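What follows is a set of notes on a single structure, which appears directly below.
Computed from a predicted structure; not experimentally measured.
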Amino acid sequence: MFAFSTRAHNRTVHSRPSLRPNERRSVRALVRSLEELAHGTSHLFTAHLPLAGPRGEVLTLPRFLFTGPGSAGSSFQRIGIFAALHGDEVASAHAAVDFVERLAINPEIARGFEIFVYPVCNPGGYADATRWSRSDADLNREFWRDTSEPEVMLLERQLRNLSFDGLVALHTDDTSDGAYGYASGDVLARHLLEPALSAASVFVPVNRGNRIDGWNANGGIIESHGFTGVLTAPPGQQPRPFEIVFETPHFAPLDQQINATTAALTAVLENQRALLGHAPNL
């Protein structure tokens with residue numbers, strides 16, 4: 001098992017800015033460290049997606065691919081990580097960037113995986129420090145509903161074309177004082193989310209309530225897709241991937257949310273690898 005350390009990285013990484021209400025933020029500044037890392041490692045690749053805004057502006061939806069080590073000819077599990085669908089949930093974006101930085105330091109964490117990371121799925125909302133997109137839409141209520149929202153249409157094409165084996169959506173919740181998650185899709189999703197929450201609990205508490213976000217919960221886990229229109233795999237995809245939504249408490253310190261999310265993502269990969277290793281004997 002890979003140990004997760006709270007010690008600082010042994011190199012300089014991008015600074016974590018203080019979060020002030022109504023402050024415009026730069027997507028490019030957020031992902032600059034990853035773009036620089038991509039020039040120095042054979043594991044990380046940059047493949048950003050252009051996006052037309054509602055007022056004719058050109059936005060960028062950043063995308064990174066991290067390929068872990070693996071044996072020649074072996075098949076890789078393809079995992080998608082999606083953050084900042086709500087533009088004001090900036091901790092999720094910083095956590096996605098931080099996770100890729102840690103993969104670059106220790107690629108073994110990603111052994112056997114192709115990991116597509118989308119740190120800012122709502123670039124207009126992120127820049128404007130608002131939950132909504134530039135067209136005033138809640139993007140996480142628009143998936144697979146014949147939407148005209150360009151961000152969602154772009155992400156739906158990614159979901160169709162890449163046929164992920166697992167999806168993790170990162171969010172923050174301003175009504176919860178602890179981390180929690182939704183588990184759906186593959187029957188093993190709960191078995192991935194339980195250790196992920198345990199790893200996150202080193203940094204933030206876990207919400208143990210019986211009702212979370214309006215849903216029945218057990219041990220911080222809601223076994224449901226949740227609200228209509230949230231980011232999921234295409235309706236007809238078979239086999240279904242595991243699907244996890246991981247939520248940190250919005251008002252917890254930024255560094256604690258980042259560390260909790262990175263620990264959770266690391267645990268997801270570790271346990272998915274272990275489950276795959278045992279699958280032939282199940």
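- In this structure, P150 and A52 approach most closely via the heavy-atom pair CG-O, 3.7 Å.
- Every residue two or more places apart in sequence or in another chain that forms a side-chain contact (heavy atoms from CB on, under 4.5 Å) with E247 is listed here: H171, D173, Y180, Y182, V245.
- A heavy-atom distance below 4.5 Å is found between the side chains of V230 and T232.
- Placement of F227 and I212 within a single hydrophobic cluster is found when ILVMFWY residues are connected by side-chain heavy-atom separations under 4.5 Å, directly or transitively.
- Taking F246 as the reference, nothing meets the ring-ring contact (aromatic ring centres under 6.0 Å, His included) condition, with sequence neighbours excluded.
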Decide side chain to side chain contact (heavy atoms under 4.5 Å, CB included) for F242 and V168; before the verdict, give the C-alpha distance in whole Å, the side-chain angles of both, and the deciding distance to 0.1 Å. CA-CA 8 Å; F242 72 79; V168 184; 4.1 Å; yes
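- Once rounded to the nearest 0.5 Å, the distance linking CG of L37 with CZ of F45 reads 13.0 Å.
- Of the possible donor and acceptor atoms, one in the side chain of D165 sits under 3.5 Å from a partner among the backbone N and O of R78.
- Chaining together hydrophobic side chains whose heavy atoms lie under 4.5 Å apart leaves V58 on its own.
- Side-chain atoms of P123 and T60, non-hydrogen and from C-beta on, never get closer than 4.5 Å to each other.
- Expressed to the nearest 0.5 Å, how far CD1 of I81 lies from CZ of F99 amounts to 5.0 Å.
- Across every non-hydrogen atom of A263 and A200, the tightest pair is CB-N, 4.5 Å.
- Residues D177 and P249 fail the side-chain proximity criterion, which asks for heavy atoms closer than 4.5 Å.
- Using a 4.5 Å heavy-atom threshold, the side chains of L170 and F82 count as separate.
- The environment of CG in N210 is sparse: at most 12 heavy-atom neighbours from other residues, nucleotides or ligands sit within 6.0 Å.
- Contact record, L197 with G220: CD1-O, 3.5 Å, taken as the closest heavy-atom pair.
- Checked by atom type, the side-chain pair Q77/E114 shows no donor-acceptor distance below 3.5 Å.
- A donor-acceptor distance shorter than 3.5 angstrom exists from the side chain of S201 to the backbone of S198, with no hydrogens or angles considered.
- From L61, atom CG reaches atom OH of Y126 across 13.0 Å, with rounding to the nearest 0.5 Å.
- If you take CD on E151 and CG on L49, they are separated by 12.0 Å, rounding to the nearest 0.5 Å.
- A salt bridge links R190 to E194: at least one charged side-chain nitrogen sits closer than 4.0 Å to a carboxylate oxygen.
- To the nearest 0.5 angstrom, S184 atom OG is 8.5 Å from I244 atom CD1.
- E243 contributes a side-chain N or O that, together with a main-chain N or O of A233, makes up a donor-acceptor pair within less than 3.5 Å.
- Hydrophobic cluster membership is shared by L30 and F66, with clusters built from Ile, Leu, Val, Met, Phe, Trp and Tyr side chains linked at under 4.5 angstrom.
- P107 approaches P69 most closely through the heavy-atom pair O-CD, 3.2 Å.
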Assess the residue pair I115 and L65 against the criterion (side chain to side chain contact (heavy atoms under 4.5 Å, CB included)); give the C-alpha distance rounded to whole Å, side-chain angles, the decisive distance to 0.1 Å, and a yes or no. CA-CA 6 Å; I115 304 173; L65 167 61; 5.8 Å; no
Does the pair E101 and S33 meet the rule for a side-chain hydrogen bond (donor to acceptor under 3.5 Å, both in side chains), with working shown? CA-CA 8 Å; E101 290 176 346; S33 66; 2.8 Å; yes
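- Between the side chains of H86 and N140, no donor-acceptor pair is found at a separation under 3.5 Å.
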Steps toward side chain to side chain contact (heavy atoms under 4.5 Å, CB included) verdict (V268, I79): CA-CA 10 Å; V268 167; I79 309 297; 6.0 Å; no
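- Applying the side chain to side chain donor-acceptor pair (under 3.5 Å) definition to pairs two or more places apart or across chains, those involving residues 43-56 are E35-H48.
- Under a 3.5 Å cut-off, the side chain of T261 and the backbone N or O of A95 do not form any donor-acceptor pair.
- Tracing side-chain contacts under 4.5 Å through hydrophobic residues (I, L, V, M, F, W, Y), one reaches L162 starting from L231; they form part of the same cluster.
- Between the side chains of N122 and S133, no donor-acceptor pair is found at a separation under 3.5 Å.
- Residues satisfying the side-chain contact (heavy atoms from CB on, under 4.5 Å) criterion with P119, sequence neighbours excluded, are V31, P62, F64, A96, V97, V117.
- Taking 4.5 Å as the limit, every side-chain heavy atom of H94 sits out of range of all side-chain heavy atoms of Q257.
- No hydrogens or angles considered: a donor-acceptor pair under 3.5 Å links the side chains of S176 and N207.
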Apply the test side chain to side chain contact (heavy atoms under 4.5 Å, CB included) to residues F113 and R273: give CA-CA distance (whole Å), side-chain angles for both, the deciding distance (0.1 Å), then the verdict. CA-CA 9 Å; F113 294 102; R273 185 185 301 105; 3.6 Å; yes
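- Side-chain contact between R141 and D138: present, with at least one pair of heavy atoms (C-beta onward) separated by less than 4.5 Å.
- The two residues S42 and T67 have their closest heavy-atom pair at O-OG1, 4.2 Å.
- Test D174, T172, D88 against H250 for side chain to side chain donor-acceptor pair (under 3.5 Å) and you get one pass: T172.
- L167 and I222 sit in two unconnected hydrophobic clusters of ILVMFWY residues. Membership requires side-chain heavy atoms under 4.5 Å apart, directly or through other members.
- Under a hydrophobic clustering in which Ile, Leu, Val, Met, Phe, Trp and Tyr are joined whenever their side-chain heavy atoms come within less than 4.5 Å, directly or via other members, V100 and F116 fall into different clusters.
- Look at E108 and R111 and you find a salt bridge, because one of the NZ, NE, NH1 or NH2 atoms lies within 4.0 Å of a carboxylate O, short of that distance.
- Electrostatic pairing of E57 and R134 counts as a salt bridge here, judged by a charged N lying under 4.0 Å from a carboxylate O.
- Residues R25 and A129 share a closest heavy-atom pair of NH1-CB, 3.2 Å.
- Judged purely by distance below 3.5 Å, without hydrogens or angles, the side chains of S163 and Q237 never pair a donor atom with an acceptor atom.
- T147 contributes no side-chain N or O that, together with a main-chain N or O of F143, makes up a donor-acceptor pair within less than 3.5 Å.
- Of the inter-residue distances, the one linking I221 atom CD1 with N216 atom CG reads 14.0 Å to the nearest 0.5 angstrom.
- Here the side chains of F203 and D255 are not in contact, with every heavy-atom distance at 4.5 Å or above.
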Show me the donor-acceptor pairs within less than 3.5 Å that the side chains of residues 152-159 make with the rest of the protein, sequence neighbours left out.
{"unit_1": "E156", "atom_1": "OE2", "unit_2": "W144", "atom_2": "N", "d": "2.6"}
{"unit_1": "Q158", "atom_1": "OE1", "unit_2": "R63", "atom_2": "NH1", "d": "2.8"}
{"unit_1": "Q158", "atom_1": "OE1", "unit_2": "Y118", "atom_2": "OH", "d": "2.6"}

